[in-house]
Amino acid sequence: MSSKEIEILQKALQREKLARKEAEKILEEKSLELYNANEELKVANTNLRNVVDEKSVELESLFETVLDSYILMDLYGNVLKMNPAAIKFFGYDVSKEDFNVVDIIYEEDYGYAMNSFKELIETGTFSDYQARIYTKSKEIKWVQINSSIVYTKEGKPAFAQGIARDITQEKITQKIFNEQKRELKFIVDNSSLGIVLTEKTKIVKTNAAMQKLLGYTAEELNMLDIKDISLKEDHEASDEYMHKLDTGELEKFTVNKRYKTKDGKIIWAKTSVASVKGEDTNERFQVALIEDLTEELKQGALLEALNSLMASILGKTSIHEIAWEITKNTIGLLGLEDCVIYLLNKETNSLNQIAAYGDEKSSEGTIINKMDIPFGKGIVGTVAQTGIPEIIEDTSKDPRYIVDDKVRSSEISVPIIAEGEIIGVIDSEHSSKNFFTEDHLKTLQTIASLAATQLKNALSLEMRKKAEKEKELVLKDLRKSNAELNDFAHVVSHDLKAPLRSMNALISWMQEDHAEYLKEAGDTHFETLIKKIDKMDHLINGILKYASVDKVEKKIKTIDLNIIIKDILDTIYVPEHVKVKVKTKLPTIKGDKFRLQQLFQNLLSNAIKYIDKEDGLVVIDCVSDGKYWKFSVQDNGIGIKERYFKKIFKVFQVLEEGENSTGVGLSIVKKITDLYEGKVWVESKEDIGTTFYFTLLKSYGTTK
């Protein structure tokens with residue numbers, strides 16, 4: 001190797017050494033950086049663990065204290081974890097028992113629940129699920145559930161979790177609220193003016209005129225508050241009036257205020273608000289009549305009068321008060337000569353005048369020459385039949401026209417419709433031809449709508465009061481008759497028993513005093529007389545028992561019928577050849593022990609008495625039959641002919657003469673089952689046996 005080559009190699013080796021030293025320096029620097037980074041990472045990890053631990057504690061605390069129910073379940077509905085709120089609400093505790101959500105789904109909501117769960121699996125979330133469930137104690141509850149899926153690292157569904165909120169009371173409140181809204185439905189829907197029904201300031205209902213005025217749909221308005229559709233600058237003045245309305249300082253008020261239409265326009269409108277009060281005089285709703293001020297220029301007086309009319313009839317409960325108020329105000333409102341309200345009488349199928357205001361029609365609230373019109377006859381009867389309002393321009397050309405107090409040339413007639421039912425007619429006549437206009441018609445229709453609900457409610461109230469009064473009179477007469485019947489039964493029984501005892505004693509004395517003179521035939525006659533007296537005594541006792549079954553107030557207690565049957569069998573005589581069998585365990589019911597004992601004792605005694613077989617058998621059984629317990633007492637006795645099936649339950653009806661047969665026992669059975677809202681009947685075949693069936697209502701409180 002030449003010196004040149006050696007020199008080149010030495011220089012290369014020198015460069016390599018320098019490069020290695022540079023690399024080692026860089027490596028040392030990077031190692032130091034890595035070490036420092038590692039130390040920082042350790043500190044960060046420690047802090048992260050502390051944060052995680054802290055958050056875990058916070059989440060666990062939140063899980064335990066959250067007010068709504070939380071459950072975690074597998075995809076088959078088995079609940080794995082639940083918070084205390086869930087345990088309290090559902091009644092189940094998965095730490096102590098199995099709990100599957102499928103088992104608590106309300107039957108009618110099952111399909112909806114399955115579809116919702118399917119959607120949850122497919123999309124991963126499901127919100128605002130509302131349905132009914134059964135709690136462990138079998139209470140029916142409404143719940144609102146928001147749920148989501150918990151996935152594995154691989155992205156597969158593993159669990160489902162959800163928050164359940166009890167909305168039962170909200171549903172009940174909503175139902176009541178809906179019923180209240182329906183009461184004023186026709187006022188809101190049928191007025192030609194814009195009408196808004198509110199609770200405080202929340203919009204509940206609007207009519208078509210209001211929707212057209214603001215350009216919103218009914219659904220859109222129902223989502224809004226009055227303040228949402230009115231200018232902010234007008235809120236203070238409106239709030240002041242509403243406060244006075246709430247406190248009772250005002251019954252109604254009218255303000256001019258601005259409203260915002262859906263497309264952003266501002267309109268001025270007159271708003272007349274009146275309270276709608278309940279029977280307890282507490283404010284329930286507010287009714288606002290809203291009119292564009294361009295229309296107010298010609299109809300301002302009309303609006304005020306209608307508002308006054310509405311306020312004057314709201315809260316009244318007398319049909320006649322409401323009708324007279326309407327007729328009086330309508331005449332002043334429209335400048336009419338008269339105004340008459342007819343009410344439909346379904347019993348007589350006619351329309352009866354209940355208020356008639358105007359010249360020569362009434363005096364001091366009393367109708368002069370009161371007139372009834374047959375349904376379907378005349379103009380009024382036709383409108384009541386068709387439900388279509390009519391304006392008659394010239395009554396002389398209409399053959400249906402019926403003269404009231406005097407002949408008039410034109411007539412207008414409008415039906416009063418409540419909840420889709422025609423209940424009456426508002427009618428007016430005028431001496432001039434062609435007097436009535438479409439404005440008159442629209443106004444009368446509005447008045448009829450305002451009056452309809454009030455008249456309907458007042459009519460229902462009067463009918464209810466009349467029915468209650470009639471019921472009270474009937475009950476009073478019935479109580480008096482029952483008391484008299486009960487007294488009569490006891491007095492007659494006492495008066496009959498006294499001579500019977502005397503006759504029995506007298507016959508016994510005669511037998512003793514004249515025994516040596518009496519022949520065998522004489523003794524036989526005396527014995528026959530005594531038996532007849534005994535039978536008469538049994539009959540009187542039966543009358544007393546029958547009369548007292550429903551007259552004596554008994555205390556209701558929980559009665560085990562198995563014990564009742566045992567006590568009866570220990571008391572009555574059961575021949576050795578007769579066996580009494582209780583087929584199934586009898587239920588425990590709430591009732592009067594004495595009456596229930598009478599019921600079963602009469603049936604058992606009757607069954608045993610008529611058994612003619614060497615091996616007699618009486619079988620007592622009970623089955624559940626819907627809302628009743630159905631009992632049966634079966635024997636293998638002589639049987640009963642079918643033609644006697646109804647006769648045997650009547651008082652004093654016997655199928656064969658016997659010493660102790662009074663014909664009262666089965667009558668008592670029927671009377672007791674009637675008291676317990678049940679029934680009794682018999683099935684029988686001659687020479688084979690008889691089965692008596694009877695039912696008792698479960699709602700008296702039974703447990704099997």
- Please report the C-alpha distance between Phe253 and Met242 in whole Å, then the side-chain angles of each, then the deciding distance to 0.1 Å, and finally whether the side-chain contact (heavy atoms from CB on, under 4.5 Å) criterion is met. CA-CA 9 Å; Phe253 67 87; Met242 286 299 296; 3.9 Å; yes

Is there side-chain contact between [X] and [Y], with heavy atoms separated by less than 4.5 Å?
X	Y	value
Thr690	Val682	yes
Leu604	Ile620	yes
Gln174	Gln169	no
Gln130	Lys171	yes
Leu80	Val94	no
Lys200	Asp246	yes
Ile140	Tyr106	yes
Ile417	Ile423	no

Can you tell me if [X] has over 12 outside heavy atoms packed within less than 6.0 Å of its [atom1]?
X	atom1	value
Met114	CE	yes
His235	NE2	yes
Lys202	NZ	yes
Tyr151	OH	yes

Test item: [X] side-chain N/O and [Y] main-chain N/O as donor-acceptor pair under 3.5 Å:
X	Y	result
Asp74	Asn78	yes
Thr168	Trp142	yes
Thr201	Ile226	no
Lys698	Gly626	yes
Thr673	Lys670	yes
Glu421	Ala418	no
Asn83	Ala86	yes
Asp592	Arg595	yes
Asn606	Asn602	no
Asn100	Tyr76	yes

Any side-chain donor paired with an acceptor under 3.5 Å for [X] and [Y]?
X	Y	value
Thr135	Tyr92	no
Asp128	Gln144	yes
Thr584	Asp621	yes
Thr691	Glu683	no
Thr152	Glu154	yes

- Task: Please step through side-chain contact (heavy atoms from CB on, under 4.5 Å) for the pair Lys566 and Ile563, ending with a clear verdict.
- Result: CA-CA 5 Å; Lys566 183 179 181 302; Ile563 297 176; 5.6 Å; no

Non-hydrogen atoms of [X] and [Y] that approach each other most closely:
X	Y	result
Gln601	Ile568	N-CD1, 3.6 Å
Thr123	Thr125	OG1-O, 2.8 Å
Ala158	Leu75	O-CG, 3.7 Å
Ile133	Val143	CG1-CG1, 4.0 Å
Ser230	Lys260	O-CE, 3.7 Å
Lys590	Tyr676	O-CE2, 4.3 Å

- Cation-pi check, Lys630 to Tyr693: give yes when NZ or CZ is under 6.0 Å from the six-membered ring centre and within 45° of the ring axis, no otherwise. yes

- Query: Between Tyr112 and Phe126, what is the ring plane arrangement, given parallel below 30°, perpendicular above 60°, and tilted in between?
  - Reply: perpendicular

- Item | Parallel, tilted or perpendicular, as decided by the 30° and 60° cut-offs, for the rings of Phe631 and Phe694 | parallel

First locate atom [atom1] of [X], then atom [atom2] of [Y], and finally report the distance between them rounded to the nearest 0.5 Å.
X	Y	atom1	atom2	answer
Gln211	Thr206	CD	OG1	4.0 Å
Ser69	Asp166	OG	CG	8.0 Å
Leu586	Asp560	CG	CG	8.0 Å
Gln161	Ile149	CD	CD1	9.0 Å
Leu120	Ser147	CG	OG	4.0 Å
Asn115	Tyr129	CG	OH	10.0 Å

- Task: Report the C-alpha separation of Lys205 and Glu199 in whole Å, then their side-chain angles, then the decisive distance to 0.1 Å, and conclude whether the salt bridge (charged side-chain N to carboxylate O under 4.0 Å, His left out) test is met.
- Result: CA-CA 10 Å; Lys205 183 75 174 178; Glu199 184 178 19; over 6 Å; no

Do [Y] and [X] meet the salt-bridge criterion of a basic N to acidic O distance under 4.0 Å?
X	Y	result
Lys136	Glu97	yes
Lys175	Glu170	no
Asp109	Arg132	yes
Glu251	Lys244	no
Lys227	Asp239	yes

- Run the numbers on Ser127 and Asn146 for side chain to side chain donor-acceptor pair (under 3.5 Å), then give the verdict. CA-CA 4 Å; Ser127 60; Asn146 294 314; 4.6 Å; no

- Passes side-chain contact (heavy atoms from CB on, under 4.5 Å), Met82 versus Phe99? Steps please. CA-CA 10 Å; Met82 56 200 309; Phe99 173 29; 3.8 Å; yes

- Verify side-chain contact (heavy atoms from CB on, under 4.5 Å) between Lys627 and Leu697, making sure each step is shown before the conclusion. CA-CA 6 Å; Lys627 62 181 181 178; Leu697 195 63; 4.0 Å; yes

